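Note: hydrogens, waters and symmetry copies are ignored here, and every other heavy atom, side chains too, is used. This one's a predicted model, so the numbers in the text were calculated from it and none came from an experiment.
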Protein chains: 2
Amino acid sequence: MTIQQVATEAGVSPSTVSNLLNGRNHRMLPETRQRIERAIDKLGYRPNRAARQLRTGRNTTIGLVVPSVGNPFWGALARHLESAALAEGYHVLLCNSERDPRRERDYVDELWADGVHGVVLCSSLPSLDHVMPLVERGLQLVAFDRTSQAGDPASLVSISVDNAIGSQLATQHLTDLGHRRLAFVSGALASVNRKERYRGFTAGLEQAGIDPATSVRAPVKGDADDFGDVEASELGRAAAAELLALEEPPTGIVAINDMCALGVCRGLRDGGLEVGKDVSVVGFDDIVLADLYAPTLTTVRQPMKEMAAAAFTQLRSRLDDSGPTQGQSLLFRPELIVRESTAPPT
Amino acid sequence: MTIQQVATEAGVSPSTVSNLLNGRNHRMLPETRQRIERAIDKLGYRPNRAARQLRTGRNTTIGLVVPSVGNPFWGALARHLESAALAEGYHVLLCNSERDPRRERDYVDELWADGVHGVVLCSSLPSLDHVMPLVERGLQLVAFDRTSQAGDPASLVSISVDNAIGSQLATQHLTDLGHRRLAFVSGALASVNRKERYRGFTAGLEQAGIDPATSVRAPVKGDADDFGDVEASELGRAAAAELLALEEPPTGIVAINDMCALGVCRGLRDGGLEVGKDVSVVGFDDIVLADLYAPTLTTVRQPMKEMAAAAFTQLRSRLDDSGPTQGQSLLFRPELIVRESTAPPT
DNA sequence: CGAGGCTGGTGCAACGATGCACCGCATGCT
DNA sequence: AGCATGCGGTGCATCGTTGCACCAGCCTCG
């Protein structure tokens with residue numbers, strides 16, 4: 001089914017069909033228009049994307065680079081982003097970087113070579129230097145789950161939840177319940193987001209009149225490489241054991257994310273404590289699993305659907321040329337979801 | 001960077017460059033070849049996919065249609081499939097059907113219109129009639145997690161784990177531990193796979209000399225619509241409550257999948273029982289979560305990586321025209337993974 | 001010595017959609 | 001009368017790659 005066949009069927013020239021297809025139909029006779037429309041769905045015509053892209057240089061595919069869709073958090077993003085894109089006739093090309101910087105760059109290169117002009121990048125890297133050359137050539141980049149930084153390209157859009165506030169909400173929730181000895185469990189504070197979450201934690205403590213110095217940050221030994229996802233739970237488990245060995249173990253624990261929190265729960269249980277009774281645990285993200293675990297996990301929800309929709313909208317408006325060329329930073333408001341894993345200290 | 005520029009740089013015609021690029025270099029002077037190769041990476045040339053596809057009608061993108069990448073099981077598939085595809089220079093276009101048959105069909109249509117000739121379809125539907133028209137036009141289809149059926153297109157490749165064996169392994173594991181009162185928890189046995197799993201369950205019972213009639217299948221009230229993923233856990237939880245209300249509750253439970261199994265664990269705990277001690281539970285799939293839950297879940301592992309690789313290989317060989325045109329069914333061997341959720345009956 | 005074969009390439013017409021330049025005609029303006 | 005303007009479309013070159021048809025030059029062989 002080519003545009004030529006449609007044109008023949010409708011008794012017009014291919015140009016006219018093209019005009020209609022591309023909204024240049026201001027001065028087209030309604031009658032002509034209807035003839036074409038009838039021909040189109042009589043023949044079941046769909047424009048050939050390859051031809052269209054070859055001619056225009058544009059396309060309707062955006063790239064999504066995530067650490068791993070095996071992780072429910074990124075899976076959820078993929079799902080929502082795809083949903084938003086689909087509604088506008090866009091497609092999503094999925095790429096798993098496996099947290100390998102090189103693979104991340106290769107993917108973005110590949111996408112660019114394929115004519116993809118917009119990419120949602122969920123980078124684990126603090127710097128975006130590796131993709132700068134393409135950004136300079138016009139690649140539109142949306143950084144997800146990563147607040148913007150000094151060296152970032154001017155056109156960059158950053159989309160993230162307000163990590164400091166989220167973390168503070170979690171902490172406050174614990175102090176409101178009466179907890180006074182708190183701990184923050186995380187790997188190395190290597191990314192901006194992690195630092196922000198820690199900042200929220202200390203802010204929450206201060207607000208409750210607790211000296212952050214008396215709180216624990218575990219594990220201290222976390223190094224810069226522990227960016228893993230599944231490993232986050234291992235880390236949480238180990239950290240829990242460490243905390244239990246203290247003379248005065250904390251009664252409330254704020255974890256860097258849900259996976260980590262689940263690991264902490266696991267570790268606490270290993271140590272004979274009951275989460276949601278003897279100890280309280282708060283996570284971050286609100287992955288589906290949080291509501292399935294036993295006990296269900298109190299956590300800080302990221303409005304994924306809205307964030308994904310925003311990512312797409314931003315990208316699209318910039319691809320449609322009309323959008324602002326200037327970068328910006330979108331911070332979403334996190335929401336505390338209280339479930340069973342938190343309770344007043346006993 | 002066009003092929004023309006490379007040709008000029010190398011002092012040959014575009015055709016010659018194209019010949020090299022497409023492996024038609026049998027009778028090419030090694031010297032010419034090197035000149036071209038040098039030109040290519042001097043200019044950093046990458047062939048334009050749109051142009052190539054327009055000309056040849058082929059492309060290197062395959063489609064993946066899953067119910068939802070939000071579900072870790074499908075996320076894992078996406079990850080592994082993408083990995084296999086990447087190694088051969090192929091891309092994966094991700095589509096979430098959200099278990100909506102119409103959306104599923106629309107996606108496949110869309111992919112076809114985009115020039116995608118190969119799709120891995122993880123359909124929740126027993127029949128594939130809705131995509132038959134495209135298959136007849138040449139779409140290569142690999143059905144994943146769905147054994148082939150009578151009405152399927154002749155060219156269809158089906159990839160699945162051997163569900164009957166898997167389920168039998170799970171059942172056998174319980175009987176070997178000494179359990180005699182078993183239950184099978186599932187929604188309606190609406191899909192072939194589910195029926196197979198139930199068949200494996202009864203086979204396992206018979207092998208242990210237990211009359212399947214004495215075992216329980218819960219919930220009886222499951223209807224055909226309960227195909228959900230998150231809902232699977234709700235279903236498990238409800239089923240557990242139901243089972244506990246029996247006069248002689250089962251001591252061993254085989255769940256249709258891991259999510260359902262986790263729901264069952266949840267329900268049992270609600271009823272005051274300790275999983276892995278008072279009751280044993282076995283799942284199916286071995287999602288990442290199975291090893292994180294408390295207690296860790298004994299389950300039947302599907303060799304996802306191998307299955308995903310096979311899906312890609314099958315698709316590719318058929319897309320490269322050379323492959324067999326005849327459909328086939330690949331059944332993978334499941335593996336029992338024993339963890340903490342199973343123990344001898346007390 | 002001329003027909004035929006091999007070698008190492010090249011010429012060219014597609015693939016399907018796009019969008020600018022342009023057309024003939026009618027009407028308005030001065 | 002002479003020129004601009006609006007209308008409803010159409011003609012055509014073009015995007016980058018491909019692969020069949022073809023070519024000139026040289027070798028071989030009866």
Side-chain angles (χ1 to χ4, degrees), chain A residues 1-37 39-40 43-61 89 110 112-117 138 319-321, chain B residues 1-37 39-40 43-61 89 110 112-117 138 319-321:
Chain A
M1 285 307 106
T2 78
I3 203 174
Q4 176 60 58
Q5 291 174 282
V6 175
T8 307
E9 173 77 24
V12 296
S13 79
S15 301
T16 306
V17 180
S18 172
N19 284 338
L20 177 56
L21 255 37
N22 293 281
R24 285 183 294 272
N25 55 348
H26 308 288
R27 35 186 137 198
M28 185 179 292
L29 256 27
E31 178 208 322
T32 311
R33 174 186 183 144
Q34 285 183 17
R35 279 216 314 283
I36 297 178
E37 279 166 350
I40 286 180
L43 301 179
Y45 167 75
R46 318 262 316 236
N48 180 314
R49 280 194 207 247
R52 183 175 267 179
Q53 179 180 340
L54 175 60
R55 184 62 233 263
T56 64
R58 284 176 243 127
N59 70 20
T60 54
T61 298
E110 183 92 1
W112 177 255
D114 276 8
V116 172
H117 284 57
L319 292 176
D320 282 3
D321 69 53
Chain B
M1 286 307 108
T2 78
I3 203 174
Q4 175 62 58
Q5 291 173 282
V6 174
T8 308
E9 173 76 24
V12 296
S13 80
S15 301
T16 306
V17 179
S18 171
N19 285 338
L20 176 57
L21 255 37
N22 293 280
R24 283 184 295 273
N25 55 347
H26 307 288
R27 32 187 142 199
M28 185 179 292
L29 255 28
E31 177 209 321
T32 310
R33 175 187 182 144
Q34 285 183 17
R35 277 217 316 282
I36 298 178
E37 279 165 352
I40 286 180
L43 301 178
Y45 166 76
R46 317 261 315 235
N48 179 314
R49 279 197 208 246
R52 181 175 267 181
Q53 179 179 341
L54 176 59
R55 182 64 234 259
T56 64
R58 284 178 244 125
N59 69 18
T60 54
T61 298
E110 182 94 0
W112 178 255
D114 276 7
V116 172
H117 284 56
L319 292 176
D320 282 4
D321 69 53

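- Between the side chains of Ser13(A) and Thr16(A), a donor-acceptor pair is found at a separation under 3.5 Å.
- Between dG19(C) and Arg58(A), a contact under 4.0 Å exists linking OP1 or OP2 to a side-chain N or O.
- At whole-Å resolution of the value, CD in Gln5(B) and C1' in dC15(D) are 13 Å apart.
- With a 4.5 Å cut-off on side-chain heavy atoms, Leu21(B) and Ile40(B) count as touching.
- Taking atom CG of residue Leu43(A) and atom P of nucleotide dA17(C), one finds them 12 Å apart after rounding to whole Å.
- Atom CD of Gln53(B) is separated from atom P of dG16(C) by 11 Å (rounded to the nearest Å).
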Item checked: Worked verdict on Glu9(A) versus Gln5(A) for side chain to side chain contact (heavy atoms under 4.5 Å, CB included) -> CA-CA 6 Å; Glu9(A) 173 77 24; Gln5(A) 291 174 282; over 6 Å; no

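- Between the side chain of Asn59(A) and the main chain of Thr61(A), a donor-acceptor pair closer than 3.5 Å is present.
- dG8(D) atom P lies 14 Å from atom CD1 of Ile36(A), rounded to whole Å.
- Under 4.0 angstrom from either OP1 or OP2 of dG19(D) there lies at least one side-chain N or O belonging to Arg24(B).
- No hydrogens or angles considered: a donor-acceptor pair under 3.5 Å links the side chains of Thr60(B) and Arg49(B).
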Next item on the list: Sugar-phosphate atoms are those with a prime plus P, OP1 and OP2; base atoms are the rest. Using that split, label each nucleotide of nucleotides 9-14 of chain C B, S or - for protein heavy atoms under 4.0 Å, 5' to 3'.
Entry: SBBBBB

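- Straight-line distance from the CG atom of Asn59(B) to the P atom of dT17(D): 16 Å, rounded to whole Å.
- In this entry the distance linking NE2 of His26(A) with P of dG19(C) reads 13 Å, nearest Å.
- To the nearest angstrom, P of dC15(D) lies 19 Å from CZ of Arg52(B).
- Between the His117(A) side chain and the Gly115(A) main chain, a donor and an acceptor come within less than 3.5 Å of each other.
- In this structure a side-chain-to-backbone donor-acceptor pair under 3.5 Å is present from Asn48(A) to Ala51(A).
- Residue Thr56(B) has its side chain nearest to dG19(D) when only dA17(C), dG19(D), dG16(D) are considered.
- A straight line from CE of Met1(A) to P of dA17(C) spans 11 Å, rounded to a whole angstrom.
- You'll find that the side chain of Pro47(A) is closest to dA17(C), out of dT17(D), dA17(C), dG19(C).
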